[in-house]
Amino acid sequence: MAAITAVLGHALLNPSQPPSPSASPRSPSAASSAQAPLPHLHRELRATPGEADGVVPDGVTVLDDGIPAVANLDANLLEALRRAARDGAEGGVELSVNSGWRSPEYQNQLLRKAVARYGSEGAAARWVATAKTSPHVSGDAVDIGPADAAEWLSEHGAGYGLCQIYRNEPWHYELRTEAIDRGCPRMYADPTQDPRMRP
């Protein structure tokens, strides 16, 4: 069990570095002490998400159709983002995408990393949703950067129906078309206050 715990801890805390072969849960010493179906778990932990899962390379903007994190966003959200990006560019602001659409597998990996970082599922939930509840998985949310672009969108986004949803995440935007006429709705303190995040 200690070997399995070490491998799991290493994979969660260092996702870019796969566990060493000597610490593999499929090694004879670990296999003899474990009864769980480890091969599937082992494959999942060793898998590194890529662009096809929604990982965003540096320098991606809302105009980059070839990147799944952008291309798989809700069409109405993407259209609003592109209108905002064109207007922002006139003032020298570029809306970069730090995160957009994510596969369920990528979302689950982010959640596992957050639990390892913050120490519990409850604490992690302030920052990362489950794959079943995340608006990133459904393509309904985008994280905008850099900070000056997120700030510009905070000031001008309502005119495009783009609203910051959580006070603790100034980069996270979703489409709220009613905001064009009425302004953005009141923000939640963090995702744990959002009724959509409850099972």
Exercise. Check the angle between the aromatic planes of Tyr118 and Trp127 and answer parallel, tilted or perpendicular using the 30° and 60° thresholds.
Key: parallel
Quiz item: Are Leu73 and Tyr160 linked, directly or through other ILVMFWY residues, by side chains that come within less than 4.5 angstrom of each other?
Solution: yes
Quiz item: In terms of hydrophobic clustering (I, L, V, M, F, W, Y; side-chain heavy atoms under 4.5 Å; direct or indirect links), are Trp152 and Val97 co-clustered?
Solution: yes
Exercise. Please name the pair of heavy atoms, one in Ala71 and one in Asp65, separated by the smallest distance, quoted to 0.1 Å.
Key: CB-O, 3.2 Å
Quiz item: Does the Ser134 side chain pair with the main chain of Ala131, one donor and one acceptor, at a distance under 3.5 Å?
Solution: no
Self-check item: Transitive ILVMFWY side-chain link Val128 to Tyr188, under 4.5 Å
Solution: no
Quiz item: With a 4.5 Å limit on heavy-atom distance, are the side chains of Ser138 and Arg102 in contact?
Solution: no
Quiz item: Taking atom OG of Ser103 and atom CG of Asn108, what is their separation to the nearest 0.5 Å?
Solution: 8.5 Å
Practice problem: Give a yes or no on whether the backbone of Ile67 and the side-chain of Asp64 come within a donor-acceptor separation of less than 3.5 Å. | Solution: no
Quiz item: In terms of side-chain geometry, is the basic nitrogen of Arg86 or Glu90 positioned less than 4.0 Å from the acidic oxygen of its partner?
Solution: no
Quiz item: Less than 4.5 Å apart, any side-chain heavy atom of Thr192 and any of Arg198?
Solution: no
Quiz item: Counting only N and O atoms by type, is there a donor-acceptor contact under 3.5 Å from the side chain of His136 to the main-chain atoms of Gly100?
Solution: yes
Quiz item: Does a donor on one side chain sit under 3.5 Å from an acceptor on the other, for Asp143 and Tyr173?
Solution: no
Self-check item: Straight-line distance of Glu178 CD to Cys184 SG, nearest 0.5 Å
Solution: 8.5 Å
Quiz prompt | Non-hydrogen side-chain atoms of Pro170 and Ser154 separated by less than 4.5 Å | solution = no
Quiz item: Are Val56 and Val62 co-members of a hydrophobic cluster defined by side-chain heavy atoms under 4.5 Å apart?
Solution: yes
Self-check item: From Glu151 atom CD to Ile144 atom CD1, the distance as rounded to the nearest 0.5 Å
Solution: 14.0 Å
Self-check item: Flag side-chain contact, heavy atom, 4.5 Å: Leu162 against Leu153
Solution: yes
Quiz item: When rounded to the nearest 0.5 angstrom, what distance separates OH in Tyr166 from CG in Asp194?
Solution: 3.5 Å
Quiz item: Where the side chain of Asp53 meets the backbone of Val55, is there a donor-acceptor pair that is under 3.5 Å apart?
Solution: no
Quiz item: Could you give the distance from CD (Gln193) to CZ (Arg186), rounded to the nearest 0.5 Å?
Solution: 10.5 Å
Quiz item: Are side-chain heavy atoms of Asn168 and Pro191 found at a separation under 4.5 Å?
Solution: yes
Quiz prompt | Any side-chain heavy-atom pair of Val70 and Leu78 under 4.5 Å | solution = yes
Quiz item: Which pair of non-hydrogen atoms, one from Asn76 and one from Asp74, has the smallest distance, and what is that distance?
Solution: N-OD2, 3.0 Å
Quiz item: Can you tell me how far CG of Asp190 sits from CD of Glu169, rounded to the nearest 0.5 angstrom?
Solution: 8.0 Å
Quiz item: Hey, is Arg82 close enough to Asp87 for a salt bridge, meaning N to O under 4.0 Å?
Solution: no
Quiz item: Which residues pass the salt bridge (Lys or Arg N to Asp or Glu O under 4.0 Å) test with Arg167, sequence neighbours left out?
Solution: none
Quiz item: Taking only residues two or more places apart in sequence or in another chain, which ones pass side-chain contact (heavy atoms from CB on, under 4.5 Å) with Glu94?
Solution: Thr61, Ser96
Exercise. Look at the side-chain heavy atoms of Ile, Leu, Val, Met, Phe, Trp and Tyr, link any pair under 4.5 Å apart, and say whether Leu81 and Val93 land in one connected group.
Key: yes
Practice problem: State whether the side chain of Asp140 and the backbone N or O of Glu174 hold a donor-acceptor pair below 3.5 Å, judged by distance alone. | Solution: no
Quiz item: Any side-chain heavy atom of Gln164 sitting closer than 4.5 Å to one from Met187?
Solution: yes
Self-check item: Student check: side-chain heavy atoms of Pro57 and Glu51 closer than 4.5 Å
Solution: yes
Exercise. Please lay out, stage by stage, how Arg176 and Ile165 fare under the test side chain to side chain contact (heavy atoms under 4.5 Å, CB included).
Key: CA-CA 10 Å; Arg176 299 289 185 269; Ile165 303 301; 3.6 Å; yes
